[in-house]
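Each remark here refers to the structure printed beneath this line.
Below, chain A is the first sequence line, B the second, and so on; all start at residue 1.
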2 protein chains.
Amino acid sequence: MFFFTETPLSRRYPPGKLPEQRPGPAGGARARNRQQRTAALCDAALPLFLSRGLETTTVDAITQGAGVAKGSFYRYFEDKEQLVATLFAPFAEALDAALDGCAEAIEAAEGPAALFGAYEALAGDLAAAFTLNPEVVRLYLQEHRGPDEGARRPIRTLASRVREGAISLTEAAHARALLRPLPPAVTALAVVGAVEAILAAALEGELAFDPPSVIQSLVDMMLKGVAAD
Amino acid sequence: MFFFTETPLSRRYPPGKLPEQRPGPAGGARARNRQQRTAALCDAALPLFLSRGLETTTVDAITQGAGVAKGSFYRYFEDKEQLVATLFAPFAEALDAALDGCAEAIEAAEGPAALFGAYEALAGDLAAAFTLNPEVVRLYLQEHRGPDEGARRPIRTLASRVREGAISLTEAAHARALLRPLPPAVTALAVVGAVEAILAAALEGELAFDPPSVIQSLVDMMLKGVAAD
DNA sequence: AGAAAGCGTGACCATGTAGTCATGTTTTTC
DNA sequence: GAAAAACATGACTACATGGTCACGCTTTCT
């Protein structure tokens, strides 16, 4: 029954940097240790990124937080950018899966009911991805419009995928006459922006409503604003 | 006719730091010089903030960009935070005026037509404020969700005012039964988020439509989604 | 006019940071 | 079991940055 006790794959951080000649056997001491150290560094970095900002957080602060020596950081990561990429990898993977799944479901859908079902499934998948590690989502919301430089690059890449995915799904809905005759890009970006703003406020504890009722209101509002009659 | 050649007051940066004993006569050499230097530093800082980020931009880079010695920065500003506050002052002033004006117009409004007029006027005022200095708006969009620390503090303060203003205006509309029965805070934040997302995309040149048609689509979408039938 | 305050400059200092490396230990591989 | 590779550590280097300051010039004020 070991597979029940394993962390779900999508929560696991991938390795950042691998040794050339002797990475060690899978499941061996080195692999286990690598996983543990990688996770310790990422988990120590995340709250620091949130409280001080991505660029102003130092490698020293991260290693101190993780309780390891500075040299260890550079054994497991090339630099801060690679750590950030690692930190976002599980979320990025879940997001891609959700977007791809929705695109396929739309492709296969026959009637409007199946189409709405595809979007509903997407919303559910996204909610699950957010719940996986909400702090990572907070970091995304905090940094995703900053300059595409250095450690922020992986976040900007993710932001591009979000925008492009939203636009392409909106175009699919538009092509099936599910939406009012507005430019799909405008519709998509407005919806993404609205969701992100609500999400940011909710994650900061600035919304005095329980999540289900907020989601209900948001979906209601967006359908009215965006969907064809 | 000198008042026609003056820069509009709202475009002028206020002084950052003032000398204690001899600030000099208004309109005198010192006042003129102070204005010029303050503006040069702010104008040099803005593009650097946009390309490198607020926190990673150094005082050295700013003074080099402005073509002045480092010591001059510290004569006119306490630190980077005060420069940022100065940079946003004209925009913050215009925003406050627009919000206050709208609140007053709502207070005085008798019928729904006057209310919609108030919101239209707000939209116009905001558009004017954005046009005043779009790069400042870009910087706001880039940084407004970062940690409320150091140089970013003035931007976070502005962001709070935006949120609070939007919520309070939405509550006013809600109280007059202009909106569908959704929580005003959710409605307000969603609208602000949608506008900000579209604005960000437009300012980055990522929207292949002319501004008027985008605004038309956005208003259309939001009214349908938010307004009572 | 002359004293006092403000201004402009860039060298300078103290501090903090990214990244390296020599050393000793553990794991892998054969 | 022994050689080679990987690992953990923290001192160390090289450099960048925030902020200061002494000096010479300009403006203000009386």
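Using a 4.0 Å cut-off, no side-chain N or O of B:R22 falls inside it from OP1 or OP2 of C:dC7.
A salt bridge does not link A:R152 with A:E81: none of the charged nitrogens is closer than 4.0 Å to a carboxylate oxygen. Looking at A:R163 and B:E206, a side-chain N of the basic residue comes within less than 4.0 Å of a carboxylate O on the acidic one, giving a salt bridge. Ionic pairing of A:R138 and A:E204 is present here: one or more N-O contacts between side-chain nitrogen and carboxylate oxygen are shorter than 4.0 angstrom.
A:T58 comes within contact range of the sugar-phosphate backbone alone, with a heavy-atom separation under 4.0 Å but no base atom that close. Using a 4.0 Å heavy-atom distance criterion, B:R32 is classed as making no nucleic acid contact. Among the heavy atoms of the strands, none lies under 4.0 Å from A:F77.
A:R34 places its CZ atom 14 Å from the C1' atom of C:dT26, with the value rounded to the nearest Å. Per the geometry, CD belonging to A:E78 stands 15 Å off P belonging to C:dA18, to the nearest Å. Spacing between atom CD of B:Q36 and atom C1' of C:dG6 amounts to 16 Å, rounded to whole angstrom units. In this structure, the NZ atom of B:K70 is 10 Å from the C1' atom of C:dC12, given to the nearest Å. Between the P atom of C:dG19 and the CD1 atom of A:I62 lies a distance of 11 Å, rounded to the nearest Å. Between the CZ atom of A:R30 and the P atom of C:dT25 there is a distance of 16 Å, given to the nearest Å. Rounded to an integer number of Å, the gap from OH of B:Y76 to C1' of C:dG8 is 8 Å. When rounded to the nearest whole Å, the span between CZ of B:R75 and C1' of C:dG10 equals 14 Å.
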- Task: Verify side-chain hydrogen bond (donor to acceptor under 3.5 Å, both in side chains) between B:Y74 and B:D79, making sure each step is shown before the conclusion.
- Result: CA-CA 7 Å; B:Y74 290 99; B:D79 48 25; over 6 Å; no
- Message: Between A:I62 and A:T58, does the side chain to side chain contact (heavy atoms under 4.5 Å, CB included) criterion hold? Intermediate values first, please.
- Response: CA-CA 6 Å; A:I62 296 172; A:T58 66; over 6 Å; no
- Message: Pair A:E164, A:R161 - check salt bridge (Lys or Arg N to Asp or Glu O under 4.0 Å), show working.
- Response: CA-CA 5 Å; A:E164 280 157 24; A:R161 267 192 281 180; over 6 Å; no
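Relative ring orientation between B:F91 and B:F88 is described as perpendicular, the plane-to-plane angle rising above 60° on a 0-90° scale split at 30° and 60°.
With a cutoff of under 4.0 Å to any heavy atom of chain B, the contacted region of DNA chain D is bounded 5' to 3' by D:dT17 to D:dC29.
Nearer to the 5' terminus of DNA chain D, by closest-nucleotide assignment, is the contact made by A:E20 (compared with the other of B:P25 and A:E20). When each of B:G71 and B:Q21 is assigned the nucleotide of DNA chain C with its nearest heavy atom, B:Q21 is the one assigned upstream, toward the 5' end. Both A:K80 and B:R37 sit near DNA chain C, but only B:R37 has its closest nucleotide nearer the 5' end.
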